[in-house]
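Here is the naming used below: chain letters follow the sequence lines, and residue numbers restart at 1 for every chain. The figures here come from the full heavy-atom set of this structure, side chains too, leaving out hydrogens, waters and symmetry mates.
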There are 2 protein chains.
Amino acid sequence: MITYPILLEKFKALLKSNSLKFTKQRELILKFLYENEGHFTPEDIYMLIKKEYPDVNIGITTVYRTLTLLENEGIASSISFGVQGKKYELGLKKHHDHLICTSCGKIIEFYDDTIERQQEKIAEKYNFKMTDHTMKIIGLCEKCRNQK
Amino acid sequence: MITYPILLEKFKALLKSNSLKFTKQRELILKFLYENEGHFTPEDIYMLIKKEYPDVNIGITTVYRTLTLLENEGIASSISFGVQGKKYELGLKKHHDHLICTSCGKIIEFYDDTIERQQEKIAEKYNFKMTDHTMKIIGLCEKCRNQK
DNA sequence: ATTCTTGCAAATCCTTTGCAGGTCA
DNA sequence: TGACCTGCAAAGGATTTGCAAGAAT
């Protein structure tokens, strides 16, 4: 796995090459994603950063803007929950899909080669230039299904 | 394929069994989905019904409510576009997934047995009780990729 | 010094809710 | 009649935008 200093350098280089500036806020958001395993809403990230760094001024607008930036640069990735918004995670890992529990909200990641290959075949079949793909399996996780 | 009169009867039966009432508005929305191939936003459906039946009073609220109802009853299905909302279609066909062109918005449907089976296997592997699943392949359709 | 960023408040977009009047069974 | 529905306007939640002040290069 990439270390934080290296990730940070990568981020700074990306900023520079786009004539963007390196700011405290951008760094904290990157750091947050690096240090926290899991999937977070912009609101989550905003609140948790405010709590951990009460002296840093940060607005939710900046969180949104930075997450968009990170996602466009391939450093973060998101899963969409429709009107309920998106959740973000560090996006450096290998591509993966998600199992989502409708009862407790738990998100499990998985990667499946068969599915990945099949998607490519389908795109090819329709002469589609695939730039992205997502798959969600919705249902009840082990714990929740047993509680019913 | 099911005929409209039969679909209508099915819908009426569903309404009755849920102590819901059969109304002009509900019928028009059902009819719209039956008659129009493709994927539509609630707004689309609302506008097109208003245009075709200027004398019928219908509000967008009712369109939302009815689409939700139809989806819950398995008569309609939707694809989510995140904050951009959902698009609905008649949901009587076999389950299928979508290819979505980011340039022209075109939506192509496909069904793939390998993927379907693989999804079941994955759910099983994680002891997940799958209630739904979606897959989207995002990219450029044949026409748009050639225009670049 | 210039350019880019920020936070705030206001605006937007899609969707839902409260409610009083209207319709269906 | 009574239960359910409707459209409207207002509310809601997530996200974006305009802007003047502030930070980075």
> Mind calculating the distance between CG (L15(A)) and C1' (dT3(C)) to the nearest angstrom?
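Those two atoms, CG and C1', are 14 Å apart.
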> Figure out the CZ/C1' separation between F22(A) and dT5(C), and round it to whole Å.
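After rounding, the reported distance stands at 14 Å.
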> What nitrogen or oxygen pairs link the protein and nucleotides 14-17 of chain D at under 3.5 Å?
from	atom 1	to	atom 2	distance (Å)
dT15(D)	OP1	K86(A)	N	3.2
dT15(D)	OP2	Y64(A)	OH	2.4
dT15(D)	O5'	Y64(A)	OH	3.4

> Here's a test of your reading of the structure: between L20(B) and L20(A), which maps to the more 5' nucleotide of DNA chain C?
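This one resolves to L20(A).
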> Quick one: is the NZ or CZ of K106(B) closer than 6.0 Å to the six-membered ring centre of F128(A), and within 45° of its axis?
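Not flagged: K106(B) not positioned over aromatic ring of F128(A).
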> Reading DNA chain D from 5' onward, which residue's closest nucleotide shows up sooner: Y46(B) or N18(B)?
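Looking at the nearest nucleotide for each, N18(B) comes out on the 5' side.
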> Rounded to whole angstroms, how far apart are CD on Q25(A) and C1' on dA21(D)?
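Those two atoms, CD and C1', are 14 Å apart.
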> When the distance from CD1 of I58(A) to C1' of dT5(C) is rounded to whole Å, what number comes out?
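The distance from CD1 of I58(A) to C1' of dT5(C) comes to 12 Å, rounded to the nearest Å.
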> Provide the closest heavy-atom pair for I137(A) versus Q119(B) in the form atom of the first, atom of the second, distance.
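Minimum heavy-atom separation between I137(A) and Q119(B): CD1-O, 3.7 Å.
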> Can you tell me how far C1' of dC24(C) sits from CD of E27(B), to the nearest Å?
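Going from E27(B) (CD) to dC24(C) (C1'), I get 14 Å.
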> Check whether any side-chain nitrogen or oxygen of S19(A) sits under 4.0 Å from OP1 or OP2 of dT3(C), and answer yes or no.
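So the side chain of S19(A) is outside the cut-off, no N or O lying under 4.0 Å from OP1 or OP2 of dT3(C).
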> dC24(C), OP1 or OP2 - any side-chain N/O from R26(B) closer than 4.0 Å?
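No, R26(B) has no side-chain N/O under 4.0 Å of OP1/OP2 on dC24(C).
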> CD of E124(A): more than 12 outside heavy atoms within 6.0 angstrom?
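Open: at most 12 neighbouring heavy atoms sit under 6.0 Å from CD of E124(A).
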> Find the distance K24(B):NZ to dT6(D):P and express it as a whole number of Å.
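Interatomic distance, NZ of K24(B) to P of dT6(D): 13 Å.
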> Atom NZ of K12(B) and atom P of dC4(D): how far apart are they, to the nearest Å?
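Rounded to whole Å, this separation is 19 Å.
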> Do L30(A) and Y4(A) have side chains that approach each other closer than 4.5 Å (heavy atoms only, starting at C-beta)?
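Yes, at least one pair of side-chain atoms sits under 4.5 Å.
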> Taking donor-acceptor contacts at under 3.5 Å, does the side chain of K21(B) reach the base of dA3(D)?
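Counting by modelled atom types and ignoring angles, a donor-acceptor contact under 3.5 Å is found here.
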> Heavy atoms, side chains only, cut-off 4.5 Å: are E109(A) and K94(A) in contact?
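Side-chain contact under 4.5 Å: no.
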> Is the shortest side-chain heavy-atom distance between N36(A) and L48(A) below 4.5 Å?
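Side chain of N36(A) against side chain of L48(A), heavy atoms only: no contact under 4.5 Å found.
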> For K87(B) and dC13(C), give me the distance from atom NZ to atom P, rounded to whole Å.
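Distance, rounded to whole Å: 16 Å.
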> List in chain and number order the residues that pass salt bridge (charged side-chain N to carboxylate O under 4.0 Å, His left out) with K31(B), two or more places apart in sequence or in another chain; answer none if no residue qualifies.
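Counting only residues at least two positions away or on another chain, K31(B) forms a salt bridge (charged side-chain N to carboxylate O under 4.0 Å, His left out) with E35(B).
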